[in-house]
Amino acid sequence: MFRIGNGYDVHRLVEGRKLILGGVEIPHETGLDGHSDADALLHALCDALLGACGLADIGQHFPDTDPRWKGISSLLLLEEVGKLCARENFKLVNADTILVAQRPRLAPHLPRMRENIARALHVEPRNINIKATTTEKLGFAGREEGIAAYAVVLVETTSA
């Protein structure tokens, strides 16, 4: 049996934080604000996986009211989500994601993001796709107020 899931996340850009997307620290004058490292790409991917597996959402598993998750790498959260899905007998077939940011230019960082995600989920990098786009200076992303991410995943059951 196959199931799909989708995820969306957005975080505000603020001074004094590192910009981390796909587990990659990207040089930039601002970073994403959040309880964890605020990696919008990985949060959207976590939600897509959890949804496909019928396991609620990232906020239920890693609430921002829990001090255990303060400042945590979202790669660790993604690994945990992968384990939760595996316990429910699901494995990732593929993921397709989109990052929406006016700046910085993300294309040079996409291969490392892809490798990080593949490693965290124990899949081949070819099963992970990441695209980056701008909004042509429209909306909050275009005004450089925040960065958004979308994710769609296909999972399949590993048991009959």
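Every value quoted in this text rests on a predicted model; they were computed, and no experiment measured them.
Side-chain polar atoms of D9 and H43 form a donor-acceptor pair below 3.5 angstrom.
In plain terms, the two heavy atoms of V81 and F62 that are nearest each other are CG2-CE1, 3.7 Å. Considering every non-hydrogen atom in both A48 and A151, the closest pair reads CB-O, 3.7 Å. Taking both residues in full, the closest heavy atoms of G82 and L121 are given as CA-CD2, 3.9 Å, listed atom of the first, atom of the second, then distance. Across H11 and L32, no two heavy atoms sit closer than the pair O-CD2, 3.4 Å. Shortest non-hydrogen contact noted between A107 and P111 is O-CD, 3.7 Å. In plain terms, the two heavy atoms of S74 and A38 that are nearest each other are OG-N, 4.4 Å.
No continuous path of ILVMFWY side-chain contacts below 4.5 Å connects L45 to Y150, so the two sit in separate hydrophobic clusters. Hydrophobic clustering, with ILVMFWY side chains joined whenever heavy atoms are under 4.5 angstrom apart, groups L75 together with L110. Follow the hydrophobic side-chain contacts under 4.5 Å out from L50 and you reach I72 in the same cluster. Residues L13 and V10 do not share a hydrophobic cluster, clusters being chains of Ile/Leu/Val/Met/Phe/Trp/Tyr side chains in contact below 4.5 Å. If you chain together hydrophobic residues whose side chains sit under 4.5 Å apart, I117 and V152 never meet in one group.
Atoms CZ and NE2, on R68 and H35 in that order, are 10.0 Å from each other to the nearest 0.5 Å. Here the CG-CZ distance, from L19 to R103, works out to 10.5 Å after rounding to the nearest 0.5 Å. Note that the NZ atom of K83 and the NE2 atom of H122 stand 7.0 Å from one another [nearest 0.5 Å]. Interatomic distance, CG of L41 versus CG of L21, reported as 6.5 Å (0.5 Å rounding). Of the inter-residue distances, the one linking S159 atom OG with E88 atom CD reads 10.0 Å to the nearest 0.5 angstrom. To the nearest 0.5 angstrom, K70 atom NZ is 9.0 Å from S36 atom OG.
D39 places a side-chain N or O within 3.5 Å of a backbone atom of G23 that can act as its donor or acceptor partner. Under a 3.5 Å cut-off, the side chain of T158 and the backbone N or O of N89 do form a donor-acceptor pair. Formation of a donor-acceptor pair under 3.5 Å by the Q102 side chain with backbone atoms of K137 is found in this model. At least one donor-acceptor pair under 3.5 Å links the side chain of N116 to the backbone N or O of G22. Using a distance-only test at 3.5 Å, with no hydrogens or angles considered, no donor-acceptor pair links the side chain of T135 to the main chain of A141.
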- Which is it for N127 and N94 under the side-chain hydrogen bond (donor to acceptor under 3.5 Å, both in side chains) test, yes or no, and what are the steps along the way? CA-CA 5 Å; N127 298 78; N94 75 298; over 6 Å; no
- Give the intermediate values and the outcome of side-chain contact (heavy atoms from CB on, under 4.5 Å) for residues L138 and R143. CA-CA 7 Å; L138 297 172; R143 292 187 300 270; over 6 Å; no
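Under the 4.5 Å side-chain criterion, counting only non-hydrogen atoms from C-beta, V14 is not in contact with T30. Residues I26 and P104 are in side-chain contact: their nearest non-hydrogen atoms beyond the backbone lie under 4.5 Å apart. Taking the side chain as every heavy atom from C-beta outward, C53 and L84 never approach each other to under 4.5 Å. Residues V100 and I147 are not in side-chain contact: their nearest non-hydrogen atoms beyond the backbone lie 4.5 Å or more apart. Counting only heavy atoms from C-beta outward, the side chains of M1 and E156 never approach each other to under 4.5 Å. No side-chain heavy atom of D37 sits under 4.5 Å from any side-chain heavy atom of E25. Two residues are said to be in side-chain contact when any heavy atoms from C-beta on lie closer than 4.5 Å; I128 and L92 meet this criterion. In this structure, the side chains of R3 and F90 come closer than 4.5 Å at one or more pairs of heavy atoms.
Residue pairs meeting the side chain to side chain donor-acceptor pair (under 3.5 Å) criterion with at least one partner in residues 105-115, sequence neighbours excluded, are absent.
Membership of an apolar cluster is not assigned to I20, as no side-chain contact below 4.5 Å to another ILVMFWY residue is traced. Counting side-chain heavy-atom gaps under 4.5 Å among Ile, Leu, Val, Met, Phe, Trp and Tyr, the cluster of V93 also holds F2, I4, L154.
Between D96 and K131 there is a salt bridge, since at least one side-chain N of the basic residue sits less than 4.0 Å from a carboxylate O of the acidic one. Between E145 and R12, no side-chain nitrogen of the basic residue sits less than 4.0 Å from a carboxylate oxygen of the acidic one, so the salt-bridge criterion is not met.
Summarising the local packing, CZ of R17 is surrounded by more than 12 heavy atoms from other residues, nucleotides or ligands at distances under 6.0 Å. By the neighbour-count criterion of 12 heavy atoms within 6.0 Å, atom CD of E29 is densely surrounded, having more than that number from other residues, nucleotides or ligands. Shown here is K18, whose NZ atom has no more than 12 heavy atoms of other residues, nucleotides or ligands within 6.0 Å.
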